[in-house]
Amino acid sequence: MDRLWAITCFLDRGPSRIVTQSQLRDWAIQTASIPLWLFEESNRFVGDVKETCALILPPPADPSDHNLSHWITQITLARGQENTARQTLILTAWKQLETSERLLFNNLLTGSFHAKLSQHLLTQALSQVTGQNAAELAYRLSSNWTPHTTNWHNLIFSDNPAANRARPYPTGQTAPRLDRSPASLGAPTKWHAEWKWDGVASQLILRARQHVIWSNEQTLLTDTFPELARALDFLPDGTVIDGEILAWDGTHPLPFSALQKRIGRKSIPKSLQRDIPVVMLASDLLEYDHQDQRDCPFQKRRSTLTQMLAPLPPECPIRLAPQIPFRDWNELTQIHKKSRAHHAQGILLNRLAQNPTPRESPDRWLWPQDPLRIDAVLIYAQAGRRGPQISELTCAVWSGNNLVPLTRATSALSDAETSELTAWVRKNTQQRFGPVRQVPPEQVFEITFDNIHTSPRHKSGLALLSPRITRWHKGKPPQHAATLAHLTGMLPPSG
């Protein structure tokens, strides 16, 4: 049972909150017999109320060996009790649990089990441990189950015909990035070009009159995009299509920021389906009439896909990804420069005929759009997950005479520069907020990013896609960093 509850918590299906962090803080202060100011000072360094509570409590007076299932059951029962009964449960538990166990318990109490673990990573780990297919595990984990309605064997090992039918094709052969001139690929007549859209790369599976949608990271998205169920009305059974799901304005794709409003939700209301409709732009045909097509040349797969989609009416949510016609590589290079205006990440190139020998270059390339660059001022810094060196930088840009936080980015500086920056940050720290250090706005860094879009969740009103720190401008005056107006001018055109 403990293994099932652990998976449940990793999937963010654990118990809902029964106490607030303020209540935990007050009860921990009373139990530890410390003043409020000392707790607050400790929490400034720890950075998390629940962890601070676990750390300041005295050693357990009555240790127990109760398992995870026991404590989750107690938390569930306490949901319907009075506040005093909940307090009694929590104080009793704290007397029995070690520090690390208290931290987990406190997270469960507040409904905030932040494991920072994606379902893809979870299923990959389970696949390695159990020997089961990762896609089948992902399908099983996404079904409507609880630790009370199943057991470990039935969830992980029992034969599930529905999971077998829903299995996607492997997506490990991601198109490599083309970081040189496309002319190196040979004659342009041997290649098919189309946009690599800024959407969700996915597989649509139609088998046994059921539809299943997988992202290329093998995350099940069937419920996220319910409109695509209509594909069953238009396409034959035994079809698997590879493409991208995009927010759609009726004729053109919308920025990814629009699609993001639908991602991560457990259900999609009708109002959101109406305001942000989606379509799948189909690029490739992986299965046709229940037959694997991957050994066929792309030209043949594409021809079959075109014939299948051509007669479909406009209300069908599946569209053929348009080909980019070009006469030579110079012409395609000029088109490539417009990637961002098309809300695309670049251009996909597929070899029309199959590779004659394995030593030739791959059949599929991603020619990414050129990155954007700005200079920004460092205001906060912290160490990364892999060691004590500073590698996560929060940078700001100017709005008038004020610095506005823009983004947190991972450093790609050399080891020598990383050590130098770490020493500077430690020497010049002004304040600490848990692991985060505030520093004077004196250092300027170049930030490279793939795209930019508006975001009401950010103080700047803007969000950068895949930001990374690529250069330290030592000695550059912070006043010469970018302005918010400059970044706003970098926004792609709407529509």
Taking only residues two or more places apart in sequence or in another chain, which ones pass salt bridge (Lys or Arg N to Asp or Glu O under 4.0 Å) with Arg373? Glu446
Under 3.5 Å donor-acceptor, Arg262 side chain and Thr224 backbone: yes
Not counting sequence neighbours, which residues clear ring-ring contact (aromatic ring centres under 6.0 Å, His included) with Trp5? List them please. His148
Could you pull out all residues at least two apart from Arg327 that satisfy salt bridge (Lys or Arg N to Asp or Glu O under 4.0 Å)? Glu331
side-chain hydrogen bond (donor to acceptor under 3.5 Å, both in side chains) partners for Arg165, two or more places apart: none
Judged by atom type as modelled, is there a donor-acceptor pair below 3.5 Å linking the side chain of Trp365 to the main-chain atoms of Trp367? no
Who passes side-chain hydrogen bond (donor to acceptor under 3.5 Å, both in side chains) against Arg17, sequence neighbours left out? none
Could you list the donor-acceptor pairs under 3.5 angstrom formed between side-chain atoms of residues 311-325 and any protein atom two or more places apart in sequence or on another chain?
from   : atom 1 : to     : atom 2 : distance (Å)
Arg319 : NE     : Cys316 : O      : 3.1
Arg319 : NH2    : Pro314 : O      : 2.8

Where Asn451 and Leu372 come nearest, the two heavy atoms and their spacing: CA-CD1, 4.3 Å
Kindly state each residue pair satisfying ring-ring contact (aromatic ring centres under 6.0 Å, His included) with at least one member in residues 274-318, sequence neighbours excluded. His192-Phe298
Qualifying residues under salt bridge (Lys or Arg N to Asp or Glu O under 4.0 Å), relative to Glu287, sequence neighbours excluded: Arg207
For Lys476, which residues count as a side-chain hydrogen bond (donor to acceptor under 3.5 Å, both in side chains) partner, sequence neighbours excluded? Asp375
Closest approach of Ala482 to Leu487 (non-hydrogen atoms, all atoms of both residues): CB-CD1, 3.9 Å
Closer than 3.5 angstrom, by distance alone: can the side chain of Thr150 be matched with the main-chain N or O of Asn154 as a donor-acceptor pair? no
Basic-acidic side-chain contact under 4.0 Å: Asp295, Arg301: no
Results of salt bridge (Lys or Arg N to Asp or Glu O under 4.0 Å) for Asp292 - residues two or more places apart only: Arg294
So ring-ring contact (aromatic ring centres under 6.0 Å, His included) across residues 128-147, not counting sequence neighbours, yields none
Could you tell me which residues satisfy side-chain hydrogen bond (donor to acceptor under 3.5 Å, both in side chains) with His458, sequence neighbours excluded, listed by chain and number? Ser455
